[in-house]
Amino acid sequence: MSEDLNDLSINYEEDGKLIVKQIDKEILSKGAWTTILFRYQDMNRTSGEYGPDKYTIRRFQKQKGQFMPKSKFNISSKAQAQKIIDTLARWVAEE
């Protein structure tokens, strides 16, 4: 993996082609356990075009100076992302 938090990425290549393209990321928490929200697109292997934006939350644990992936949650659509946003906004407003 990586020693530097800023170098963590979900870009993924196969046979020289970028299959998962990271669009953006937001570091949500730092420390021994780090949480990052990524925005990305998957390549359609048939057409070679990238699909709609998707989102994933990844947790990394720093072990022996390296950030190692430990868990992930994929948000598969804008509709699901909006439901998460709306629910969190409601819950936070209730506090």
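Heads up: numbering here begins at 1 and tracks the sequence.
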Establish, from distance only, whether the side-chain atoms of Ser71 and Arg59 form a donor-acceptor pair under 3.5 Å.
no
If you define the side chain from C-beta out and look only at heavy atoms, does anything of Gln82 sit under 4.5 Å from Ile85?
yes
I'd like to check Glu14 versus Arg45 (side-chain heavy atoms, cut-off strictly below 4.5 Å). Are they in contact?
yes
Whether the side chain of Gln22 engages the backbone of Ile10 through a donor-acceptor N/O pair (distance < 3.5 Å, no angle test) should be reported.
yes
Would you say Asn44's side chain and Thr46's backbone share a donor-acceptor pair under 3.5 angstrom?
yes
Minimum-distance pair of heavy atoms, taken over all atoms of Ser9 and Phe38
CA-CE2, 4.1 Å
More than 12 heavy atoms of other residues, nucleotides or ligands under 6.0 Å from CD of Glu13: yes or no?
yes
Find out whether Lys72 and Ile57 are in side-chain contact, i.e. whether some heavy atom of one side chain is under 4.5 Å from a heavy atom of the other.
no
Quick one: closest heavy-atom pair of Lys78 and Asp53, and the distance?
CE-CB, 4.4 Å
Check: Asn6 main-chain N/O paired with Lys25 side-chain donor or acceptor under 3.5 Å
yes
If we only count heavy atoms from C-beta on, is the Gln66 to Met68 side-chain gap below 4.5 Å?
yes
Heavy-atom check, side chain of Leu18 versus side chain of Tyr50, under 4.5 Å
yes
Taken to the nearest 0.5 Å, the spacing of Gln80 CD from Lys54 NZ works out to 11.0 Å
Within-4.5 Å side-chain heavy-atom neighbours: Lys21 and Tyr40:
no
Hydrophobic cluster membership, Tyr55 vs Met43, 4.5 Å side-chain cutoff
no
According to a 4.5 Å side-chain heavy-atom criterion applied to Ile, Leu, Val, Met, Phe, Trp and Tyr, with indirect links allowed, do Trp33 and Leu8 form part of one hydrophobic cluster?
no
Just by modelled atom types, is the Phe73 backbone N or O under 3.5 Å from a matching donor or acceptor in the Thr56 side chain?
yes
Does Leu28 reach the side chain of Ile36, with side-chain heavy atoms less than 4.5 Å apart?
no
Hydrophobic clusters here meaning ILVMFWY residues chained together by side-chain heavy-atom distances under 4.5 Å, can you tell me if Ile27 and Leu37 are in one?
no
If we only count heavy atoms from C-beta on, is the Thr34 to Leu5 side-chain gap below 4.5 Å?
yes
Give a yes or no on whether the backbone of Ile84 and the side-chain of Thr87 come within a donor-acceptor separation of less than 3.5 Å.
no
At what distance, to the nearest 0.5 angstrom, does CZ of Phe67 lie from NZ of Lys30?
9.5 Å
